[in-house]
Asks: 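Sending over a structure as structure tokens; questions will come in a sec.
Numbered from 1 within each chain, the chains take letters A, B, ... in sequence-line order. Excluded from the calculations below are hydrogen atoms, water molecules and symmetry mates; all remaining heavy atoms, backbone and side chain alike, are included.
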Amino acid sequence: MRQEDILEGLNKQQLEAVTSTEGPMLLLAGAGSGKTRVITHRIAYGLQQGTFRADQVLAVTFTNKAAGEMRERISNLSRVDFNRHWVKTFHSACAAILRREAPAFNYPRDFTIYDTRDQTALIKDILKKTGGSLANSTPAAILNKISRAQDSLLGPGDLKPRFDGDMQHEQLTAVYRIYQERLQEAKALDFGDLIFQTVRLFEEQEEILEKWRTRFPYLLIDEFQDTNKAQYTLMKQLAKKSRNVCVVGDDDQSIYSWRGADIHNIRSFQKDFQEAKIIRLEQNYRSTPQILEIASSVISNNNERMSKTLWSQLEKGPGAVYLETEDDREEAEAIAGGIRELAEQDTAFPDIAVFYRTNFQSRTIEECLMQREIPYRVIGSVRFYERKEVKDLLAYLRLAVNPYDAQAFERAASVPPRGIGARTRALLREKAAAGRDLITACEQSIAEGSIKGKRTVSGLKNLLLCLRAVQDAASVKDAVARGMEKSGLMQHYAEEEQRLGDLHELHAAADSFAADSPDEGLGEFLNRIALLGEMDKTDSATGVNLMTLHNAKGLEFDTVFIAGMEEGLFPHYLSADEQRRLEEERRLFYVGITRAKQRLLLSAASRRFSFGRTSYNEPSRFLNEIPESLCEKRGGAFLRTPRLRAAKPHKNTPEATVTEDQSSPGFREGERVSHPRYGEGVITRRTGPEVVARVQVAFRERSCLFLERYSNLTSLEKEE
DNA sequence: ACTCTTGGAGTTTTT
DNA sequence: CTCCAAGAGT
């Protein structure tokens with residue numbers, strides 16, 4: 001692509017940001033100010049000018065999905081295929097570095113990455129063993145403390161007591177220390193470790209740091225306001241010499257301080273890189289002036305912010321609409337009704353989003369959408385790789401790759417039940433503690449006769465040995481297939497269609513991984529999975545988008561609903577007392593508002609039913625922060641015209657209705673169909689009420705149950 | 001010794 | 001709904 005194309009249509013500030021490819025830069029990019037455009041064009045420009053080569057750039061984004069999009073946009077702009085290059089999250093970048101440097105810090109290349117559940121289980125186990133229950137602290141709370149310590153580059157010895165003789169502190173230090181030891185024994189790293197250990201490695205081994213500095217003389221860090229101290233330090237280490245680092249952020253969109261993010265990194269950057277060019281992007285290209293005014297008005301209630309004024313030249317639009325309902329059910333129905341009506345006017349389903357503060361709120365909304373036959377997708381609710389059956393299968397694969405992985409062993413040894421109980425498992429793990437792997441531990445225990453269930457342990461050992469052999473020889477896909485077959489999980493879950501489907505999906509994921517990265521092995525596949533968020537699902541949107549406000553960051557929609565505008569829920573009661581945390585809730589609201597291009601629809605329920613309990617809530621204080629002239633309060637329904645047309649005019653040409661599955665009449669049993677992932681199949685059963693009919697489909701190698709409406713199935717019998 | 005069933009309790013946000 | 005702990009059953 002020619003230079004004038006890369007630079008075309010940029011405003012003054014954007015142009016300066018794009019063309020300043022050398023030296024440090026702080027890009028303060030307001031919501032909707034064309035940030036992604038600037039970042040991608042900047043890299044494309046540098047490539048085109050010959051300032052740097054693609055393999056000299058390390059770009060860090062917040063999610064894998066954002067990374068994927070950035071790769072694609074740069075590739076399109078620059079005629080360079082950027083897909084092989086380093087656009088990663090902090091975590092995946094560190095995992096990749098540590099894999100390559102494994103010998104230098106005495107870890108195997110194929111280490112395991114512990115997720116939150118592995119971590120919590122480990123802490124529970126430690127608490128049990130040490131007998132010490134940390135005074136009124138749940139394992140999750142302890143884990144949180146440990147994670148925050150890691151984010152701040154504090155090891156067990158670096159924790160400071162709050163006062164002399166702080167029991168909490170001593171116990172926490174002890175648990176943290178054992179926790180780290182156990183991770184090492186298991187040849188595992190957790191999320192915090194990935195960053196912490198990389199920083200430590202760079203600190204301790206100058207020549208390795210030097211190598212990576214030389215490798216990446218150009219850095220870019222996106223969502224900089226959400227970086228923690230460890231990440232900041234890593235950036236500094238890498239950028240110290242070249243000083244070619246561009247950080248991009250917006251202090252008003254900092255919403256992850258509970259995860260260790262430190263907003264002061266923006267100030268630190270100005271100190272550490274005093275020669276940095278500072279550019280503000282304040283023109284908003286996304287939202288109407290009305291939406292922007294609402295957002296500005298709300299965020300102006302925060303004290304801790306760098307002042308910044310967004311403005312928009314877009315056409316005027318409507319103000320916000322606020323709806324109060326009796327309960328959550330009514331709220332959900334109003335949202336569904338509003339969506340229906342908007343869809344009949346001018347807005348397509350994928351251009352609509354519904355945001356909420358907590359995941360459980362999605363359930364009621366989903367039910368109403370389903371009833372009204374409105375297609376939707378939920379982003380990030382139950383993470384695929386955290387589902388029980390998926391973790392079960394992953395446990396076997398993890399052990400095949402890393403036979404020291406104690407958490408995987410716990411799971412693999414007990415699901416499906418094979419007669420190895422807690423006691424035997426503990427014995428085997430003890431055996432493995434002295435630097436032995438778990439397979440060897442099994443072997444030795446059998447040889448010594450120190451164990452009761454000799455036969456079953458022997459069976460498990462052989463199974464693991466077999467999987468280990470397979471992963472060396474076979475493709476990732478075959479290794480997963482072998483795991484499914486040999487683990488006994490397929491039989492174990494034979495009755496549960498959903499779980500079987502998930503196992504097959506993991507197999508399919510392995511297949512596509514193998515296609516994308518033919519040179520990578522099972523270990524890399526497992527690492528990749530551990531770092532994958534649900535956000536990254538790439539299937540194109542066909543329905544309304546449902547997600548938490550946290551997941552909404554970086555996205556935009558024509559129409560945005562924000563549900564549950566109630567005290568106690570939003571701001572959440574756990575964050576409402578402290579000023580700093582309340583301000584973060586407000587920023588979360590700000591993020592939500594600024595996702596909207598045209599319309600903003602808010603709602604609150606005075607009664608909410610959640611898990612056997614009814615709570616009564618006042619409307620959120622944030623509502624009072626919206627200028628009155630820009631917030632119209634309604635009762636009953638969102639739109640002024642609840643039922644304009646009783647019936648739609650009937651279309652008499654059949655071709656018009658065949659194209660979209662909107663009007664799909666439903667399949668017959670015995671009908672031949674095709675699915676984009678599973679291929680051809682036959683409907684074996686069709687059940688349930690018409691609106692939410694389920695179909696059972698037999699494919700060549702498996703059988704799946706779908707909700708008919710969203711199944712992506714196409715008939716093979718209606719073709720001309 | 002191990003597994004399965006039952007009842008009770010807890011649920012912010014997530015790489 | 002889903003995770004735990006405790007007790008009964010094999």
Asks: Is the Phe589(A) ring parallel, tilted or perpendicular to the Phe570(A) ring (thresholds 30°, 60°)?
Replies: perpendicular

Asks: Check side chain to side chain donor-acceptor pair (under 3.5 Å) between Asp250(A) and all other residues, then give those that pass, not counting sequence neighbours.
Replies: Gln253(A), Lys308(A)

Asks: Of all the base pairs, Watson-Crick or G-U under 3.5 Å, which form stems of three or more consecutive pairs involving DNA chain B?
Replies: B:1-10 with C:1-10

Asks: Whole angstroms only, please: what is the NZ-C1' distance between Lys553(A) and dT15(B)?
Replies: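 Those two atoms, NZ and C1', are 11 Å apart.
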
Asks: Show the distances under 3.5 angstrom between N or O atoms of the protein and N or O atoms of nucleotides 3-8 of chain C.
Replies:
unit_1: dC4(C); atom_1: OP1; unit_2: Lys124(A); atom_2: NZ; d: 2.2

Asks: Does the separation of the ring centres of Phe561(A) and Phe355(A) fall below 6.0 angstrom?
Replies: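 No - the distance between ring centres of Phe561(A) and Phe355(A) does not fall below the 6.0 Å cut-off.
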
Asks: Would you kindly give the CZ-to-C1' distance between Phe360(A) and dC1(C), to the nearest whole Å?
Replies: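 Atom CZ in Phe360(A) sits about 13 Å away from atom C1' in dC1(C).
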
Asks: Please enumerate all residues that pass side chain to side chain donor-acceptor pair (under 3.5 Å) together with Asn83(A), with sequence neighbours excluded.
Replies: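 Checked Asn83(A) against side chain to side chain donor-acceptor pair (under 3.5 Å); matches are Asp81(A).
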
Asks: Determine whether the aromatic ring of Trp258(A) stacks with the base of dT13(B), defined as ring centroids separated by less than 5.5 Å and ring planes inclined by less than 30°.
Replies: yes

Asks: Which pair of non-hydrogen atoms, one from Phe62(A) and one from Asp226(A), has the smallest distance, and what is that distance?
Replies: CE1-CB, 3.8 Å

Asks: Strictly under 6.0 Å, is that where the ring centroids of His572(A) and Trp258(A) end up?
Replies: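 Centroid separation for His572(A) and Trp258(A): 6.0 Å or greater.
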
Asks: What is the distance, to the nearest angstrom, from the CD atom on Glu366(A) to the P atom on dC1(C)?
Replies: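 Spelled out: CD on Glu366(A) to P on dC1(C) is 13 Å.
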
Asks: Tell me which residues in residues 571-591 of chain A put a heavy atom below 4.0 Å from DNA chain B, sorted by number, or none.
Replies: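 Close to the strand are His572(A), Leu574(A), Ser575(A), Arg581(A).
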
Asks: Do the side-chain N or O atoms of Asn359(A) get closer than 4.0 angstrom to the phosphate oxygens (OP1, OP2) of dT14(B)?
Replies: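 Checking dT14(B) against Asn359(A), a side-chain N or O does come within under 4.0 Å of OP1 or OP2.
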
Asks: Which whole-number value in Å describes the distance from Arg528(A) CZ to dT15(B) C1'?
Replies: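 Distance, rounded to whole Å: 16 Å.
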
Asks: State, to 0.1 Å, how close Ser257(A) and Glu584(A) come at their nearest heavy-atom pair, and which atoms those are.
Replies: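 Answer, listing the atom of Ser257(A) first, then Glu584(A): OG-OE1, 2.7 Å.
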
Asks: Does NZ or CZ of Arg259(A) come closer than 6.0 Å to the centre of the six-membered ring of Tyr256(A), within 45° of the ring's axis?
Replies: yes

Asks: Just by distance, do the side chain of Tyr573(A) and the backbone of Glu567(A) share a donor-acceptor pair under 3.5 Å?
Replies: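 Between the backbone of Glu567(A) and the side chain of Tyr573(A) there is no qualifying donor-acceptor contact (under 3.5 Å).
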
Asks: Whole-Å distance between dT13(B) P and Arg357(A) CZ?
Replies: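 So the CZ-P distance, Arg357(A) to dT13(B), works out to 7 Å.
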
Asks: When you check the phosphate oxygens OP1 and OP2 of dT12(B), does a side-chain N or O of Thr548(A) lie under 4.0 Å from one of them?
Replies: no

Asks: Taking side chain to side chain donor-acceptor pair (under 3.5 Å) as the test, write out the residues that go with Tyr114(A), two or more places apart.
Replies: Asp405(A)

Asks: To the nearest Å, how far apart are Ile562(A) CD1 and dT13(B) P?
Replies: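 In whole Å, dT13(B) P and Ile562(A) CD1 are 17 Å from each other.
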
Asks: Any side-chain N or O of Asn64(A) below 4.0 angstrom from OP1/OP2 of dT15(B)?
Replies: no

Asks: Could you tell me whether Arg200(A) sits above the aromatic face of Phe196(A), with NZ or CZ closer than 6.0 angstrom to the six-membered ring centre and within 45 degrees of the axis?
Replies: yes

Asks: Rounding to a whole Å, what distance do you find between Ile113(A):CD1 and dT14(B):P?
Replies: 20 Å

Asks: Determine the minimum heavy-atom distance between Leu143(A) and Tyr179(A), stating which atoms define it.
Replies: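 So the two residues come closest at CD1-OH, 4.1 Å.
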
Asks: May I have the distance from Arg363(A) (atom CZ) to dT11(B) (atom C1'), rounded to whole angstrom?
Replies: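 About 13 Å, once rounded to whole Å.
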
